[in-house]
Number of protein chains: 2
Amino acid sequence: MTTTDTLDPLVWDPYVRDCPTRALLDRIGDRWTVLVIGALADGPQRFSQIARRVDGVSQKMLTQTLRALEADGLVTRTQYPEIPPRVEYELTAVGHTLRDPLRALEEWAVTHMPAVLAARAARG
Amino acid sequence: MTTTDTLDPLVWDPYVRDCPTRALLDRIGDRWTVLVIGALADGPQRFSQIARRVDGVSQKMLTQTLRALEADGLVTRTQYPEIPPRVEYELTAVGHTLRDPLRALEEWAVTHMPAVLAARAARG
DNA sequence: CCGTATCCCATATGATACTG
DNA sequence: CAGTATCATATGGGATACGG
C-alpha cells in the first residue's frame with residue numbers, strides 16, 4: 001500500500017470545502033511564493049540573491065516562504081560548511097512544474113495592469 | 001493623452017517593490033478569487049449559485065471578492081428589479097483572460113497534491 | 001434573495017534586535 | 001551570510017444579526 005491515499009485523488013477538488021488542494025492553492029497564491037519560485041526559475045540561488053531579486057521581502061518572510069516550499073518538496077536547501085556560510089536553494093522537479101503556471105500569472109498581471117487601472121479609474 | 005500612463009507599462013515588474021502588478025497578483029491569488037473566477041467560467045451566475053459552487057465561502061467574503069473583481073473590471077454585476085431580487089455576475093472580456101492561467105493553477109494543485117502530501121509525510 | 005454592519009479572532013507580515 | 005527570536009500591527013476571514 002501507499003502513504004498517499006489519504007483521499008481518492010480522483011475526487012480532489014478545490015471547490016470542496018476541506019479538500020487539501022484548496023490549502024495548497026492558498027499557499028502558492030500567497031504574497032511571496034510566486035516571486036520566490038520565479039526567482040529560482042533562473043537556477044540555484046543563495047538566500048541573499050533571492051532577497052535582492054524579490055525586492056522588499058523581509059528576511060523573516062523569505063525564510064518562512066522558503067521553509068514552506070522545502071516542506072512541500074518544491075525547493076531543496078543545501079548548506080555548504082564554509083565560513084562565511086553559503087546556502088543554496090533550488091527548485092525540485094515538482095517545483096519546476098510550477099514555473100509555467102506561475103509565469104503565466106505574472107504575465108497576465110503585467111499585460112492587463114493597464115486595463116485594471118483604467119477600470120479602477122473609471123469609477124474614481 | 002491617456003489616463004493609464006501612471007508608470008511606463010514596459011517597466012512593470014512584480015519583482016519591484018511598489019509595482020502595482022504585485023498588488024494585483026496578491027489580489028488574484030487570494031483565497032477566493034481563483035475559485036470565484038472558476039465558478040463564473042461556466043457563464044453568468046447568481047450570487048447563491050456561486051456560493052453553492054464555492055463550498056464554504058461566507059456571504060461576506062463572497063460579496064467582498066465580487067466587489068473587488070467588479071472594481072477591477074473583471075466581473076460585471078447586473079441587478080434585475082424583480083421580487084425577490086435577482087442578481088447576476090458575469091466575467092468581462094478581461095475577466096475571461098484570467099480563466100486559463102487560473103485553471104492551470106487549479107490543475108497543478110490537483111495533479112501534484114499527492115507529491116506534496118508525500119513530501120510533507122516524509123519529514124514526519 | 002441579496003446583501004450590509006458589526007464584532008471578534010487567527011494569521012500574515014513587518015521591524016527590530018540578536019546569533020552561529 | 002544566513003538565519004532565529006520577539007514584538008507589534010494590519011489584514012483576512014468567520015459568525016451573527018439586521019435590512020431592502
Side-chain angles (χ1 to χ4, degrees), chain A residues 14-20 22-37 39-40 44-72 75-90, chain B residues 14-20 22-37 39-40 44-72 75-90:
Chain A
Y15 292 89
V16 172
R17 198 196 256 270
D18 292 322
C19 182
R22 190 179 281 188
L24 185 55
L25 280 174
D26 275 4
R27 163 129 357 188
I28 63 184
D30 78 5
R31 176 131 56 188
W32 302 113
T33 295
V34 176
L35 301 174
V36 168
I37 296 276
L40 290 173
Q45 310 264 329
R46 302 184 60 166
F47 186 91
S48 52
Q49 287 180 293
I50 306 171
R52 271 190 301 276
R53 181 81 215 283
V54 182
D55 183 30
V57 68
S58 67
Q59 209 167 35
K60 172 183 168 178
M61 289 315 298
L62 182 52
T63 297
Q64 192 171 300
T65 302
L66 287 166
R67 290 285 177 282
L69 290 172
E70 203 189 349
D72 284 352
V75 161
T76 58
R77 176 183 186 272
T78 308
Q79 175 163 2
Y80 299 92
E82 306 171 355
I83 293 179
R86 185 171 118 250
V87 179
E88 279 195 346
Y89 294 91
E90 184 172 12
Chain B
Y15 292 90
V16 172
R17 196 196 258 271
D18 293 321
C19 183
R22 190 179 281 186
L24 186 55
L25 279 173
D26 275 6
R27 162 118 6 156
I28 65 183
D30 78 4
R31 173 133 56 189
W32 302 113
T33 295
V34 177
L35 301 175
V36 169
I37 296 275
L40 289 173
Q45 310 263 330
R46 302 184 60 166
F47 186 91
S48 52
Q49 287 180 294
I50 306 170
R52 273 190 300 276
R53 181 80 213 285
V54 183
D55 185 30
V57 67
S58 67
Q59 209 168 32
K60 171 185 168 178
M61 290 315 299
L62 183 51
T63 298
Q64 191 171 301
T65 301
L66 287 167
R67 290 290 176 278
L69 290 172
E70 203 189 347
D72 284 352
V75 160
T76 57
R77 176 182 187 273
T78 307
Q79 176 163 3
Y80 299 92
E82 306 170 353
I83 293 181
R86 185 170 118 249
V87 178
E88 279 195 346
Y89 294 92
E90 183 171 14

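Every chain is numbered from 1, with letters handed out A, B, ... down the list of sequences.
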Quiz item: With side chains defined as the heavy atoms from C-beta onward, is the minimum distance between B/Tyr89 and B/Val36 less than 4.5 Å?
Solution: no
Quiz item: Going from CZ on B/Arg31 to CG on A/Asp26, what distance comes out if it is rounded to the nearest 0.5 angstrom?
Solution: 5.0 Å
Quiz item: Closest to the B/Phe47 side chain: C/dG3, D/dA2, D/dG14?
Solution: C/dG3
Self-check item: Whole-Å gap separating P (C/dT13) and CD (A/Gln64)
Solution: 7 Å
Quiz item: How is A/Arg27 classified with respect to the nucleic acid when contacts are heavy atoms under 4.0 Å: base, sugar-phosphate, or nothing?
Solution: nothing
Self-check item: Length of the CD-P vector between B/Gln59 and D/dG20, whole Å
Solution: 16 Å
Quiz prompt | Nearest-nucleotide comparison on DNA chain C, the residue closer to the 5′ end among A/Gly56 and B/Leu66 | solution = B/Leu66
Quiz item: From D/dT4, C/dC7, C/dC2, pick the nucleotide closest to the side chain of B/Lys60?
Solution: C/dC7
Exercise. To the nearest Å, give me how far apart CZ (B/Arg22) and P (C/dT13) are.
Key: 12 Å
Using distance only, find each side-chain donor-acceptor pair of residues 49-62 of chain B under 3.5 Å and give its atom names and separation, not counting sequence neighbours.
| unit_1 | atom_1 | unit_2 | atom_2 | d |
| --- | --- | --- | --- | --- |
| B/Gln49 | OE1 | B/Arg46 | N | 2.7 |
| B/Asp55 | OD2 | A/Arg17 | N | 2.8 |
| B/Ser58 | OG | B/Met61 | N | 3.2 |

Quiz item: Please give, in whole Å, the distance from C/dA10 C1' to B/Met61 CE?
Solution: 14 Å
Practice problem: For B/Asp26 and D/dG13, give me the distance from atom CG to atom P, rounded to whole Å. | Solution: 11 Å
Quiz item: If you look at every heavy atom in B/Pro14 and B/Cys19, which pair is closest and at what distance?
Solution: N-SG, 4.4 Å
Quiz item: Reckon A/Tyr80 touches a base, only the sugar-phosphate, or nothing at all at heavy-atom distances under 4.0 Å?
Solution: nothing
Exercise. Mind listing the closest non-hydrogen atom pair of A/Val34 and A/Ile28 along with its distance?
Key: CG2-O, 3.5 Å
Quiz item: Could you state the CZ-P distance from A/Arg86 to D/dC1, rounded to the nearest angstrom?
Solution: 14 Å
Self-check item: Pairwise 5' ranking along DNA chain C for B/Arg67 and A/Val57, keeping only the more 5' one
Solution: B/Arg67
Exercise. Take atom CG of B/Leu62 and atom C1' of C/dA5, then tell me their distance rounded to the nearest Å.
Key: 17 Å
Quiz item: Quick one: B/Tyr89 OH to C/dC2 C1', roughly how many Å, whole number?
Solution: 8 Å
Quiz item: Between D/dA2, C/dG3, C/dT13, which nucleotide gets closest to the side-chain atoms of B/Val87?
Solution: C/dG3
Quiz item: Reckon B/Ser48 has a side-chain N or O less than 4.0 Å from the OP1 or OP2 of C/dC1?
Solution: no
Self-check item: Of the listed nucleotides D/dA2, C/dT13, D/dT4, the one nearest the side chain of A/Arg31
Solution: C/dT13
Quiz prompt | Residue A/Arg77, side-chain atoms from C-beta onward, closest of D/dG3, C/dC1, D/dA2 | solution = D/dG3
